[in-house]
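Everything on this sheet refers to the single structure shown next.
Letters go in sequence order (proteins before strands), and every chain restarts at 1. A quick note: this is a predicted structure, and the numbers were derived from the prediction, not measured.
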Amino acid sequence: MIKVRFAPSPTGHLHIGGARTAIFNWLFARHHSGRFVLRIEDTDKTRSTEESIQEIIEAMKWLGLDWDEGPYRQTERFDIYKKEAERLIAEGKAYYCWCTPEELEAIREESKGKFGIPKYDGRCRSRREPREGVNPVIRFKARTEGETVFKDLIKGEIRYPNSQLDDFIIMRSDGTPTYNFVVVVDDALMGITHVIRGDDHLNNTPKQIQLYEALGYDVPQFAHVPMILGPDKTKLSKRHGAVSVLAYREEGYLPEALFNFLVRLGWSHGDKEIFSKEELIELFDLKDVGKSPAVFNPDKLLWLNHHYIKTYPVEKLAELLKEFLVKEGIVDTSAELDPEWLKEVVIAFRERAKTLKEMAHQCEFLFKAPEKYDEKGTKKFFKPETAIYLEAIAEEIENTSEFTKEAIDKIFNNVLERFNIKLKAVAQPVRIAITGRTVSPGLHEILLLVGKEEAAKRIRRAAQYIKNL
RNA sequence: GUCCCCGUCGUCUAGCCCGGUCCAGGACACCGGCCUUUCACGCCGGUAACGGGGGUUCAAAUCCCCCCGGGGACACCA
């Protein structure tokens, strides 16, 4: 039975990079009918927060990443780590270290000169006597000769010289365990078979392998996925803009789009770009994950989002649009919107809105008549004679018994014929009259959505406006 | 500095393992055109890449070596 885990540290938002790691793990588990566990790595008590944990969980749910076990929290497992650390000491594989920060600093400096790398010299390996006023840490007796070789499922064979290692700390002086230690203990005890994580952990792997061996555990398989970079090719971070998953929800992205986008960052299947979750579960394989880092490309995400908007179930889009209308302050919380009408709105706008937020703003004129008309549009399309045409159209609208697409065609044809003009002469003026802008969905759509009364009213008002120019 | 990883269009990538079918394919973006009452959608077309240098070979994006470039890790963070 294959078992994987996603182990975020709750020190902030769930960001894009973490989400992709979670997706890869989830896909791998689902593909192999294995188990996916969520584990919160909160051993750093000072930086971990409860809000962050809740946010990570919410973001995962939004993305549709369900887990089979957990969330475990490492803070609830401290007794386990302590026991394992003591076991290592009893077996002579770890030891107490009473060095002071000042002493350590001096050792590091000396080592930097000697090895070009700050390393602890292991002087407490032989020290037996506690030091007064110093709470000891526990250090692991690392093997520093030879090299650690392992096969990474993505990167291939990795050879790492052990000379880079030193006796690293596994238990802090306050009695809490450190990352490299807990990750090994947990992965082993939880029966994790494949460790799929960001390749910023590649250099930690040799230390962890030594720990697995010292503790007598089986070493799992490793798969290090390349990082996601910002446009400047450095590790993606807050300064590159929105990196938190939930921020994308707020901006009006669909979870399916983000999911699809993220999975294609580093993984591919021939020329295919659009994948459903079912397809991904079917097709996902670590061997198709690339080795090189990927730059986050917001334009492509936008394109994907638009694709999903265009193909999403209309009812669901309508519901989401409603949320955004409220959130963007376009309609009142208490406003009751006819679901059927809202569906028509979605249909009219989905091919020109790349996000839900955009859509909400594009259809704003449906809820409030334009307060002013687009300046350039007014200059270009509001001619003196336009007022007469508009009035004629308004009158025809008022007099029509039923307001349908066909009726609208008839109305326009009547007016065009009467004045012997082309549709061009009135199309943009009507659009501006209804929306205040020069761009919008088709005339039929906006007229129908605004409704007969309101349409006539707005067109008359525009006519009046032209007369006053 | 030391070590690890990576290097195909601006970006995401296919191809690399098993050299020729690749004067390198797809997608986003961009630029044209068509459609059209605007915008958009859609459709058609275009610009654009094997980091450099040496080998090996009849033949290299693909194999080997060196260099260069980029990223990451080197904490009582994870």
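G42(B): Watson-Crick or G-U partner is C34(B), with both key distances under 3.5 Å. With a cut-off of 3.5 Å on both pairing distances, C17(B) has no Watson-Crick or G-U wobble partner at all. Figure legend. G1(B) is base-paired to C74(B); pairs are counted as Watson-Crick or G-U wobble with both atom distances under 3.5 Å. Searching all strands for a Watson-Crick or G-U wobble partner of U56(B) with both distances below 3.5 Å returns nothing.
Residue His307(A) contributes atom NE2, which lies 13 Å from atom C1' of C41(B) at whole-angstrom precision. Nucleotide C74(B) holds its P atom 10 Å from the OH atom of Tyr179(A), rounded to whole Å. Note: CG (Asn260(A)) to P (A27(B)) measures 15 Å, nearest angstrom. The nearest whole Å value for the distance from the CD1 atom in Ile117(A) to the P atom in C74(B) is 10 Å. Rounded to an integer number of Å, the gap from CD of Gln208(A) to P of A73(B) is 14 Å. Rounded to whole Å, atom P of A78(B) lies 13 Å from atom CD1 of Ile170(A). Note: CG (Asp166(A)) to C1' (C76(B)) measures 13 Å, nearest angstrom. Look at CZ on Arg139(A): it is 10 Å from P on A75(B), rounded to the nearest Å.
Only the P atoms considered, G52(B) is 15 Å distant from A24(B), to the nearest whole Å. Comparing the P positions of C3(B) and C63(B) gives a spacing of 25 Å, expressed to the nearest Å. Of the P atoms belonging to C22(B) and U37(B), the separation is 43 Å, rounded to the nearest Å. For the P atom pair drawn from G26(B) and G45(B), the interatomic distance equals 10 Å after rounding to whole Å. With both ends at atom P, the span from U47(B) to G32(B) equals 15 Å, rounded to whole Å. Taking atom C1' in both C43(B) and U8(B), the straight-line distance is 29 Å, to the nearest Å. G70(B) and U11(B) have their P atoms separated by 15 Å, with the value rounded to a whole Å. Distance noted for atom C1' between C34(B) and C41(B): 14 Å (whole Å).
Between Ile228(A) and His15(A), the closest side-chain pair of non-hydrogen atoms is not below 4.5 Å.
The side-chain hydrogen bond (donor to acceptor under 3.5 Å, both in side chains) test applied to Glu344(A) returns no partner, not counting sequence neighbours. Applying the side-chain hydrogen bond (donor to acceptor under 3.5 Å, both in side chains) rule to Asn414(A) yields no partners; only residues at least two apart in sequence or on another chain are considered. Partners of Glu282(A) by side chain to side chain contact (heavy atoms under 4.5 Å, CB included), not counting sequence neighbours: none found. Annotation: salt bridge (Lys or Arg N to Asp or Glu O under 4.0 Å) contacts of Glu391(A) (sequence neighbours excluded): Lys467(A). With sequence neighbours excluded, the residues forming a side-chain hydrogen bond (donor to acceptor under 3.5 Å, both in side chains) with Asp152(A) are His224(A), listed by chain and number. With sequence neighbours left out, Thr386(A) forms a side chain to side chain contact (heavy atoms under 4.5 Å, CB included) with Lys383(A), Leu390(A), Pro429(A), Ile466(A).
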Expected rows: protein N/O vs nucleotides 61-64 of chain B N/O, under 3.5 Å:
none

N/O to N/O distances under 3.5 Å, protein versus nucleotides 45-51 of chain B:
none

Pairs: protein N or O with nucleotides 32-40 of chain B N or O, under 3.5 Å:
| residue | atom | partner | partner atom | Å |
| --- | --- | --- | --- | --- |
| U37(B) | O2 | Arg431(A) | NH1 | 3.3 |
| U37(B) | O2 | Arg431(A) | NH2 | 3.2 |
| U38(B) | O4' | Gln428(A) | OE1 | 3.3 |
| U38(B) | O2' | Thr438(A) | O | 3.1 |
| U38(B) | N1 | Arg431(A) | NH1 | 3.2 |
| U38(B) | O2 | Arg431(A) | NE | 3.4 |
| U38(B) | O2 | Thr438(A) | O | 3.4 |
| U38(B) | O2 | Ser440(A) | N | 2.9 |
| U38(B) | O2 | Ser440(A) | O | 3.2 |
| U38(B) | N3 | Arg431(A) | NH2 | 3.0 |
| U38(B) | N3 | Ser440(A) | O | 2.6 |
| U38(B) | O4 | Arg431(A) | NH2 | 3.4 |
| U38(B) | O4 | Gly442(A) | N | 3.2 |
| C39(B) | O2 | Arg352(A) | NH1 | 2.4 |
| C39(B) | N3 | Arg352(A) | NH1 | 2.4 |
| A40(B) | O2' | Glu351(A) | O | 2.2 |

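Looking at heavy-atom distances under 4.0 Å, Lys310(A) makes contact with sugar-phosphate atoms alone, never a base. Using a 4.0 Å heavy-atom cutoff across all strands shown, Gln164(A) reaches at least one base atom of the nucleic acid. At the heavy-atom level, Thr43(A) lies under 4.0 Å from the strands shown only through sugar-phosphate atoms. Contact annotation for Thr46(A): no contact, since no heavy-atom pair falls under 4.0 Å across all strands. Within 4.0 Å of Asn204(A), counting heavy atoms only, lies at least one base atom of the nucleic acid.
A salt bridge does not link Asp199(A) with Lys291(A): none of the charged nitrogens is closer than 4.0 Å to a carboxylate oxygen. Under 4.0 Å is where a charged nitrogen must lie from a carboxylate oxygen, and between Lys45(A) and Asp174(A) no such pair does. The residues Glu273(A) and Lys300(A) are annotated as salt-bridged, a charged nitrogen and a carboxylate oxygen being separated by less than 4.0 angstrom. Ion pairing between a basic and an acidic side chain is recognised when a charged N comes within 4.0 Å of a carboxylate O; Lys83(A) and Glu86(A) show no such pairing. A salt bridge is absent between Arg143(A) and Glu145(A): the closest approach of a Lys/Arg side-chain nitrogen to an acidic carboxylate oxygen does not fall below 4.0 angstrom. For the pair Arg5(A) and Glu41(A), the salt-bridge criterion is not met [side-chain N within less than 4.0 Å of a carboxylate O].
Counting only residues at least two apart or in different chains, ring pair (Phe, Tyr, Trp, His ring centres under 6.0 Å) contacts with residues 130-183 of chain A comprise Phe140(A)-Phe168(A), Phe150(A)-Phe222(A), Tyr179(A)-His201(A). The side chain to side chain donor-acceptor pair (under 3.5 Å) pairs that include a residue from residues 417-428 of chain A are Gln428(A)-Arg431(A), where partners are two or more places apart or lie in different chains.
Between the side chain of Asp200(A) and the base of A78(B), no donor-acceptor pair of N or O atoms lies under 3.5 Å. Applying the 3.5 Å distance criterion, the base of C76(B) shares a donor-acceptor pair with the side chain of Ser173(A).
For Ile169(A), taking side-chain heavy atoms from C-beta onward, the closest of the listed nucleotides A29(B), G1(B), C76(B) is C76(B).
You'll find the ring centres of Phe382(A) and Tyr373(A) inside the 6.0 Å limit. No close placement of the Tyr253(A) and Phe259(A) rings is indicated, their centers lying 6.0 Å or farther apart.
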Whether each nucleotide of nucleotides 4-17 of chain B has a protein heavy atom under 4.0 Å at its base (B), only at its sugar-phosphate (S) or at neither (-) is summarised, 5' to 3', as SSSS---BBSS---

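In this structure, Lys235(A) reaches the A73(B) phosphate: one of its side-chain N or O atoms is under 4.0 Å from OP1 or OP2.
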